[in-house]
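Chain identifiers are assigned alphabetically (A, B, ...) following the order of the sequence lines, protein sequences preceding nucleic acid strands; residue numbering begins at 1 within each chain.
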4 protein chains.
Amino acid sequence: MASRGINKVILVGNLGQDPEIRYMPSGGAVANITIATSESWRDKATGEQREKTEWHRVALFGKLAEVAGEYLRKGSQVYVEGQLQTRKWQDQSGQDRFTTEVVVQGFNGVMQMLGGRGQGAPAGGQQQQQGNWGQPQQPAQQNNFAPQQQQQAPQQQAQQAPQPQYNEPPMDFDDDIPF
Amino acid sequence: MASRGINKVILVGNLGQDPEIRYMPSGGAVANITIATSESWRDKATGEQREKTEWHRVALFGKLAEVAGEYLRKGSQVYVEGQLQTRKWQDQSGQDRFTTEVVVQGFNGVMQMLGGRGQGAPAGGQQQQQGNWGQPQQPAQQNNFAPQQQQQAPQQQAQQAPQPQYNEPPMDFDDDIPF
Amino acid sequence: MASRGINKVILVGNLGQDPEIRYMPSGGAVANITIATSESWRDKATGEQREKTEWHRVALFGKLAEVAGEYLRKGSQVYVEGQLQTRKWQDQSGQDRFTTEVVVQGFNGVMQMLGGRGQGAPAGGQQQQQGNWGQPQQPAQQNNFAPQQQQQAPQQQAQQAPQPQYNEPPMDFDDDIPF
Amino acid sequence: MASRGINKVILVGNLGQDPEIRYMPSGGAVANITIATSESWRDKATGEQREKTEWHRVALFGKLAEVAGEYLRKGSQVYVEGQLQTRKWQDQSGQDRFTTEVVVQGFNGVMQMLGGRGQGAPAGGQQQQQGNWGQPQQPAQQNNFAPQQQQQAPQQQAQQAPQPQYNEPPMDFDDDIPF
DNA sequence: TTTT
DNA sequence: TTTT
């Protein structure tokens with residue numbers, strides 16, 4: 001767990017959609033969220049107000065993934081601190097592709113919900129609505145990674161890049177395998 | 001220049017190769033560098049020492065780009081602070097691709113050489129050797145972006161992703177156009 | 001405005017009280033706020049839940065000070081990014097004392113209100129309530145630093161340390177004088 | 001080990017003197033270092049180049065303290081990441097005083113030596129010279145905090161503030177007691 | 001796709 | 001002195 005160099009990302013922004021929770025074969029949770037940050041400025045040439053939004057792919061692991069799944073929702077404001085990680089995957093034509101994510105994990109990972117009083121998910125009895133996360137009908141241990149990937153591919157296609165399989169599974173909070 | 005949210009990256013690491021300096025049509029400098037950070041750990045299963053290196057694409061603009069070109073070299077240790085930015089480009093087959101970079105620019109961008117006394121380029125009389133950067137034989141104003149891009153594409157191909165053109169040119173230190 | 005080394009503080013927390021706004025002889029605004037961050041843990045020995053709150057003295061300058069005065073209130077959640085600065089002052093007995101603050105200022109300073117919809121001050125017609133800030137009855141230019149300091153001394157005494165005079169006035173957003 | 005809010009300090013700078021290593025009653029190591037960061041600018045009024053150095057008190061705990069003691073020296077360049085902490089102590093006249101330090105500790109603490117090959121302590125056979133740190137003639141367990149404090153007080157007096165005793169001992173890497 |  |  002030593003490291004040479006510093007690789008740190010700090011984001012504060014709002015979720016573009018509800019978190020997607022999955023489970024690794026080991027049973028560790030993974031939450032994928034997208035966070036928006038934006039800059040606005042006055043265009044010198046036209047004098048108009050302009051705005052540009054940057055979307056960040058963030059992957060949380062272990063306990064933080066579970067908290068994200070429970071409390072974060074589309075629109076939630078959040079602070080995350082993690083590391084940059086670029087992973088290689090193959091598209092349908094077998095070509096190499098790369099996706100860069102912010103990995104929030106282990107000792108260095110931080111996730112804090114912002115904005116106070118209950119901006120997130122209902123704490124109470126509505127947990128049935130969470131059925132599409134983590135496949136509650138099946139024990140978490142059975143939820144493996146690859147099948148879920150397949151399902152997501154089509155819709156992700158329209159976005160940016162299919163979610164690659166975590167062939168080398170990222171370190172769960174209790175594991176010693178770094179990313 | 002207002003912003004909603006925080007988008008901050010901090011890296012400390014070593015350059016994988018000499019900086020590549022180019023000039024935008026406006027004359028503003030752009031330096032592309034790759035920074036390595038690494039983690040090492042003992043594999044629980046095998047007991048072996050393992051190491052994983054992460055490579056970061058970093059783009060510096062304006063004055064910082066010029067300083068990078070003058071003083072940084074392959075192996076230089078550097079601190080950079082910038083923002084995450086994902087840009088879309090088209091590959092040869094016209095397919096959309098995305099590349100994420102750390103943009104170091106303007107007021108929020110920071111670049112500091114580390115390691116003290118002259119780890120980088122010779123400060124003294126060898127500045128002629130910089131001829132291949134920034135095409136000093138021609139006035140900087142003539143160096144536009146696209147042609148240079150073409151030249152770089154082949155070698156970059158082997159790496160990760162061709163360097164996309166900056167169609168929407170990133171803000172030079174003196175410009176009001178954000179990234 | 002060059003710098004050797006990195007001096008960066010990032011805080012996310014809540015204000016312990018309303019901001020105190022003052023004006024320097026130059027007319028530049030200064031806002032002093034206190035931000036709480038806290039840690040909670042289970043005491044190994046007793047098994048009890050414990051919590052410790054850290055209070056941070058933060059000084060904002062220029063535009064950010066004005067925004068703080070207008071929108072932040074006791075309890076507001078805020079992100080600030082600034083620099084550590086320790087200043088020397090003399091107590092009543094003439095002894096040297098030191099106070100460390102987070103200075104949020106100029107290009108590197110960041111202040112973002114968190115928590116969304118109107119957690120702060122009313123945007124509308126209640127601005128008269130702000131009368132005790134910045135002495136609106138008098139032109140800002142007349143509000144100088146030292147007198148205000150005198151008034152605050154007694155109450156501050158009970159706290160931590162009297163607010164020292166800014167003998168070497170900190171850089172306003174438009175100044176070139178660093179802190 | 002939960003926390004509400006973010007309390008983060010990042011420093012890159014050089015040590016003003018050799019680290020001072022002490023041991024807590026528990027046997028955990030504590031290293032005190034001072035780090036300089038500086039800003040330089042051109043004075044608008046006089047046109048002169050000016051420089052201001054900020055000195056930071058940093059306390060490292062546990063393993064990081066040991067590494068600091070072994071490898072850092074006066075002049076060493078270092079990256080540290082920690083938390084702001086203000087502690088109260090009494091001066092000779094019994095008056096309350098406050099000292100703010102950067103605490104580098106536990107999971108969130110980071111310390112990285114910069115500048116590459118052997119800028120710090122001799123890696124080789126000179127480790128006997130470290131005898132004045134950590135009192136190697138006596139078992140670490142016997143080195144308690146308070147006596148060492150007494151010795152340091154006089155010289156520290158000239159500086160900023162006597163090193164307060166850690167009455168509530170800060171969390172060692174293996175402890176669950178936060179700071 | 002978020003937020004103001 | 002804040003917040004949960």
Starting at [atom1] of [X] and ending at [atom2] of [N], how long is that distance when rounded to a whole Å?
| X | N | atom1 | atom2 | value |
| --- | --- | --- | --- | --- |
| E54(C) | dT2(F) | CD | P | 16 Å |
| E51(C) | dT4(F) | CD | C1' | 8 Å |
| N14(A) | dT2(E) | CG | C1' | 5 Å |
| R73(C) | dT1(F) | CZ | C1' | 16 Å |
| I35(A) | dT1(E) | CD1 | P | 18 Å |
| K74(C) | dT3(F) | NZ | P | 7 Å |
| L11(C) | dT2(F) | CG | C1' | 13 Å |
| Q77(A) | dT3(F) | CD | P | 17 Å |

Given [options], the nucleotide with the shortest approach to the side chain of [X]:
| X | options | answer |
| --- | --- | --- |
| A36(C) | dT2(F), dT3(E), dT1(F) | dT2(F) |
| R4(D) | dT3(E), dT4(F), dT2(F) | dT4(F) |
| S38(A) | dT1(F), dT3(F), dT3(E) | dT3(E) |

* Residues in side chain to side chain donor-acceptor pair (under 3.5 Å) with Q49(C), at least two apart? -> R42(C)
* To do: With sequence neighbours excluded, tell me which residues meet side chain to side chain donor-acceptor pair (under 3.5 Å) with E81(D).
  =>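 Once residues adjacent in sequence are excluded, the partners of E81(D) under the side chain to side chain donor-acceptor pair (under 3.5 Å) criterion are K8(A), K8(D), Y79(D).
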* Which part of the nucleic acid does T37(A) contact within heavy-atom distance under 4.0 Å: base, sugar-phosphate only, or nothing? -> nothing
* To do: Establish, from distance only, whether the side-chain atoms of W89(B) and T99(B) form a donor-acceptor pair under 3.5 Å.
  =>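 The answer is yes; a qualifying pair exists.
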* Asked: Does dT2(F) have W55(C) stacked on its base, where the ring centres are within less than 5.5 Å and the planes differ by under 30°?
  -> no
* Hey, does E54(C) have a side-chain heavy atom less than 4.5 Å from the side chain of Q83(D)? ->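 When only atoms from C-beta onward are counted, E54(C) and Q83(D) do not touch, as no gap falls below 4.5 Å.
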